[in-house]
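What you see below is based on every heavy atom in this structure, not just the backbone, and it leaves out hydrogens, waters and symmetry mates. Numbers restart at 1 for each chain; the letters A, B, ... are given by sequence-line order, proteins then strands.
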Amino acid sequence: MARILITSALPYINGVKHLGNLAGSMLPADVYARFQRLMGNDVLFICATDEHGTPAELAAADAGMDVRAYCDEQHDIQKRAGDGFSLSYDYFGRTSNEPNIRLTQHFAEVLEEKGLIEERVEHQVFSIDDGRFLPDRYVEGTCPHCGFERARGDQCDSCGRLLEPTDLKEPYSKISGSKNLEVRETKHLHLLQTKMEGQIRDWVDASDGWPSLAKSIAYKWLDEGLRDRSITRDLKWGVPVTKDGAPRPGFETKVFYVWFDAPIGYIGASEEWAQANGGDWESWWRTDKGADDVTYVQFMGKDNVAFHTVSFPATILGSQEPWKTVDKLKAFNWLTWYGGKFSTSEKRGVFMDQALDLLPGDYWRWYLTANAPEGSDSAFTWEHFQSLINSDLANVLGNFVNRITKYTASKFDGQVPATGEWGEAEDWIAAELEQRLPAIIANMEAMEFRKAASEVRAVWAAGNEYLTKAEPWVKYKSDVDAAAIGVRTGLNLVVLFAILAQPFIPNAAATVLDALGVSEDKRSWQFGDDMKTLLDALPHGHAIEPPAVLFAKIEDAQLAEWSERFGGSQD
RNA sequence: GGCGAGGUAGCUCAGCUGGUUAGAGCGCACGACUCAUAAUCGUGAGGUCGAGAGUUCAAGUCUCUCCCUCGCCA
């Protein structure tokens, strides 16, 4: 039994994520985790909210809340949204929880011991009225080049030139609008990534199991040359900076920068899992404690690749401790909204909680997997959504389940028929399955989710084709036994289809399997080689219950309403 | 401006290291069937693979130039 550690990129805390975020890391990670479990492997699937940093502080202030309370609330909201999409995390932790704080401090102290961290003095803008240092983006003013009055401290949006906050004329705080600013000296810890360049390059060279997208991004960064990066900030909300376990002198009002502590959150959340469930987190993360046989798979959007292939490895490798590093990495492009960006302010796009108000999670899961932005960006449109759902789920799968179970109920007393002889139609479907089942598994192993979904759909469609060939309703008129084999095979196909559907649409799959009385231990993806056995798995005479209609079709009227409400085709 | 990804049937997308008549789903047309959520099954129409040039016995697949889209970065 293989051991698979799976992490999804951590969703940031300031608000519910939109469907693009879901489609680009959390959902595919879940589909993969479910697949690996069905293959009989030992899976630890971890995610967490990424909670530190200035945006969280500001969002809390906007909400008029204490930042801790704000994060508590938002964490619960994101947790619930994830539950609504049936994301089967073994644990959904928080980067602000104790294990991550301790681990972050540990890594920083170890890195310093290895000579990879040093203190440097910087000059930053301090807002007297706000009582805080301002990150570059939060200082605005008049651009010295073009006179644009709302240039940011890092760049002017009007002329595009790069700026330092001190370049701005008439600078003011974006937070309060105060012009009462001054430049102050402040000390920060810097991670000396330049010293690790060779080590990281060797590690990237040695990594297989990364898609070309990931490798090329990693090499691009390495080729451009790594830079030493400041890993602390003048903020209250974050992981306190320590030295030998006590507050670090001169850093009492500083915390680690969010990009430093966030990826460590993968490990921290694993420890939270262990605390909550009595598991052994070190056996997943420490190669000296059993993790050498673990395969670690990360899921993320393409914007996160550099952090996962260079920055986070710098932390882990730099420690020279035996931590597990990533083996396989799956990166996604963007899901777009009618070809453009999802945008809250322009009311374009759907967020996770809103989506669940419209339809159950399974509908979205199927669409977002079958239309995943794998090879390139892919577009969400209401029209496409409707067409995929109605065709794949309602017509091809849902209707298949419905037609054969209803027929069983009306003509065979709701029992799995025992009679009839295997014939040509059965040979045909068996041959289909023999070829398609391994293809599905191969695509899932390769994390080609679009192709896997398309193969699964093809199997569902083959079921309908089988019924056309077997035509039990015709045979029933002259030879009930000849009809019986078609019905029995059809019912077994329903079971198989639901088993195949589990990683994609777990709730609908469970509904079907429950209705057909398939016990938990008979739902795995170990299909065996003998299709004849697979297609006669249900006990003869076994009573089945036609499930309620699995998927309602999406009507044009609904589409029009949603399109109006969320923006869409009229743009 | 630099970098990256991409431009393939009406739509959304597959097409690996170049090689038989370029594929799928949806949509469309016609036909079949009637067990079923007017669902299903079959057949068919539809593409000078962004433009141009080049390499090659052979290019959607390699090289160059140009046009367009999207994103990232500085």
- prompt: Distance check: side-chain N/O of A/K475 vs OP1/OP2 of B/rC35, anything under 4.0 Å?
  reply: no
message: Please classify the nucleic acid contact of A/I404 as base, sugar-phosphate, or nothing, using heavy-atom distances under 4.0 Å.
response: nothing
task: Measure from the side chain of A/H384, starting at C-beta and using heavy atoms only, and say which of B/rU37, B/rU12, B/rC35 lies closest.
output: B/rU12
message: Suppose you measure atom P in B/rG23 against the same atom in B/rC57; what distance do you get, rounded to whole Å?
response: 27 Å
task: Could you give the distance separating B/rA51 and B/rG47 at their P atoms, to the nearest angstrom?
output: 14 Å
message: Classify A/T408 by what it touches in the nucleic acid, base, sugar-phosphate, or nothing, heavy-atom distance under 4.0 Å.
response: nothing
statement: Rounded to whole Å, CZ of A/F497 lies from C1' of B/rA36 at a distance of 14 Å
- prompt: What integer number of Å spans the P atoms of B/rC16 and B/rG54?
  reply: 25 Å
message: Does A/F400 reach a base, just sugar-phosphate, or nothing at all? Heavy atoms under 4.0 Å.
response: nothing
task: Considering just the side-chain nitrogens and oxygens of A/R457, establish if one lies under 4.0 Å of OP1 or OP2 belonging to B/rA24.
output: no
task: For atom CZ of A/R227, decide whether the heavy atoms of other residues, nucleotides or ligands shown that lie under 6.0 angstrom number more than 12.
output: no
message: With side-chain contact (heavy atoms from CB on, under 4.5 Å) as the criterion, how do A/L191 and A/M196 come out once you've worked through the C-alpha distance, each side chain's angles and the decisive distance to 0.1 Å?
response: CA-CA 10 Å; A/L191 179 60; A/M196 280 180 272; 3.9 Å; yes
Options B/rU40, B/rU37, B/rC13, nucleotide nearest the side-chain atoms of A/R403: B/rU40
- prompt: Below 4.0 angstrom from OP1 or OP2 of B/rC13, is there any side-chain N or O of A/K451?
  reply: no
- prompt: How do A/N371 and A/L393 order along RNA chain B: which one's closest nucleotide is nearer the 5' end?
  reply: A/N371
query: Which of these nucleotides, B/rU12, B/rU37, B/rU34, is closest to any side-chain atom of A/V474?
result: B/rU34
Any donor-acceptor N/O pair under 3.5 Å between B/rA39 base and A/N399 side chain: no
Under the ring-ring contact (aromatic ring centres under 6.0 Å, His included) test, residues paired with A/H384 that sit two or more places apart: A/Y367
field: Distance in angstrom units between A/N402 CG and B/rA39 P, rounded
entry: 13 Å
query: Using Watson-Crick and G-U wobble pairs whose two distances are both under 3.5 Å, how do you write the pairing of RNA chain B as dot-bracket, with | for links to another strand?
result: (((((((..((((.....[...)))).(((((.......))))).....(((((..]....)))))))))))).
message: Suppose you measure atom P in B/rG7 against the same atom in B/rG15; what distance do you get, rounded to whole Å?
response: 10 Å
field: Any donor-acceptor pair under 3.5 Å from A/N371 side chain to A/A379 backbone
entry: yes
- request: Sticking with atom C1', work out how far B/rA22 lies from B/rU40, rounded to a whole angstrom.
  value: 29 Å
query: If you look at every strand shown and take non-hydrogen atoms under 4.0 Å, does A/K553 touch a base, only sugar-phosphate, or nothing?
result: base
Length of the OH-P vector between A/Y466 and B/rC35, whole Å: 17 Å
message: Measuring from the side chain of A/S387 (C-beta onward, heavy atoms only), which nucleotide among B/rC13, B/rU40, B/rC26 has the closest atom?
response: B/rC26
Along RNA chain B (nearest heavy atom to each residue), the more 5'-positioned of A/R227 and A/L397: A/L397
- prompt: Which nucleotide, B/rU34, B/rG42, B/rA39, lies nearest any side-chain atom of A/E465?
  reply: B/rG42
task: Establish, with yes or no, whether the OP1 or OP2 oxygen of B/rA39 is under 4.0 angstrom from a side-chain nitrogen or oxygen of A/N464.
output: no
- prompt: Given the P atoms of B/rC62 and B/rA5, what is the spacing between them in whole Å?
  reply: 12 Å
Residues 427-445 of chain A, side-chain donor-acceptor partners within the protein, below 3.5 Å, at least two apart:
residue	atom	partner	partner atom	Å
A/D427	OD1	A/W422	NE1	2.7
A/E432	OE1	A/R436	NE	2.9
A/R436	NH1	A/E455	OE1	3.3
A/N443	ND2	A/A439	O	3.2

task: Have a look at A/N390 and say if it touches a base, only the backbone sugar-phosphate, or nothing, with a 4.0 Å heavy-atom cut-off.
output: nothing
- request: Could you work out the separation of B/rG27 and B/rU65 based on their P atoms and round it to a whole Å?
  value: 43 Å
Atom pair distance, as rounded to whole Å: OH in A/Y367 and C1' in B/rC13: 11 Å
- request: For B/rC67 versus B/rG52, give the span between their P atoms, rounded off to a whole number of Å.
  value: 15 Å
- request: Provide, to the nearest angstrom, the distance between the CH2 atom belonging to A/W382 and the C1' atom belonging to B/rC26.
  value: 18 Å
- request: Quickly work out the A/E383 CD to B/rC26 P distance and round it to whole Å.
  value: 17 Å
message: Taking only side-chain N and O atoms of A/K411, does any of them lie within less than 4.0 angstrom of OP1 or OP2 on B/rC35?
response: no
query: B/rU40 P sits how many Å from A/L467 CG, rounded?
result: 13 Å
query: Checking side-chain contact (heavy atoms from CB on, under 4.5 Å) against A/I505, which of A/D362, A/L550, A/D392 comes through?
result: A/D362
task: Give one of base, sugar-phosphate or nothing for A/A461, where a contact means two heavy atoms less than 4.0 Å apart.
output: sugar-phosphate
- line: Per atom distances to the A/S391 side chain, the nearest of B/rU34, B/rC26, B/rC13 is B/rC26
message: As a test of reading the structure: which of B/rU40, B/rU34, B/rU37 is closest to the side chain of A/N395, going by heavy atoms?
response: B/rU40
message: Using the side-chain heavy atoms of A/W473, tell me which of these nucleotides is nearest: B/rU37, B/rA39, B/rC35.
response: B/rC35
- prompt: Restricting to pairs with a member in residues 502-512 of chain A, which pass side-chain hydrogen bond (donor to acceptor under 3.5 Å, both in side chains), not counting sequence neighbours?
  reply: A/S86-A/N507
Residues, nucleotides or ligands: over 12 heavy atoms within 6.0 Å of A/E545 CD: no
message: Among B/rC33, B/rU37, B/rC26, which nucleotide has an atom closest to any side-chain atom of A/F551?
response: B/rU37
Listed pairs under 3.5 Å, donor-acceptor, residues 304-315 of chain A side chains, sequence neighbours left out:
residue	atom	partner	partner atom	Å
A/H308	ND1	A/N304	O	2.8
A/H308	NE2	A/Y266	OH	2.6
A/T309	OG1	A/V305	O	2.9

- request: With sequence neighbours excluded, tell me which residues meet ring-ring contact (aromatic ring centres under 6.0 Å, His included) with A/W203.
  value: A/W210
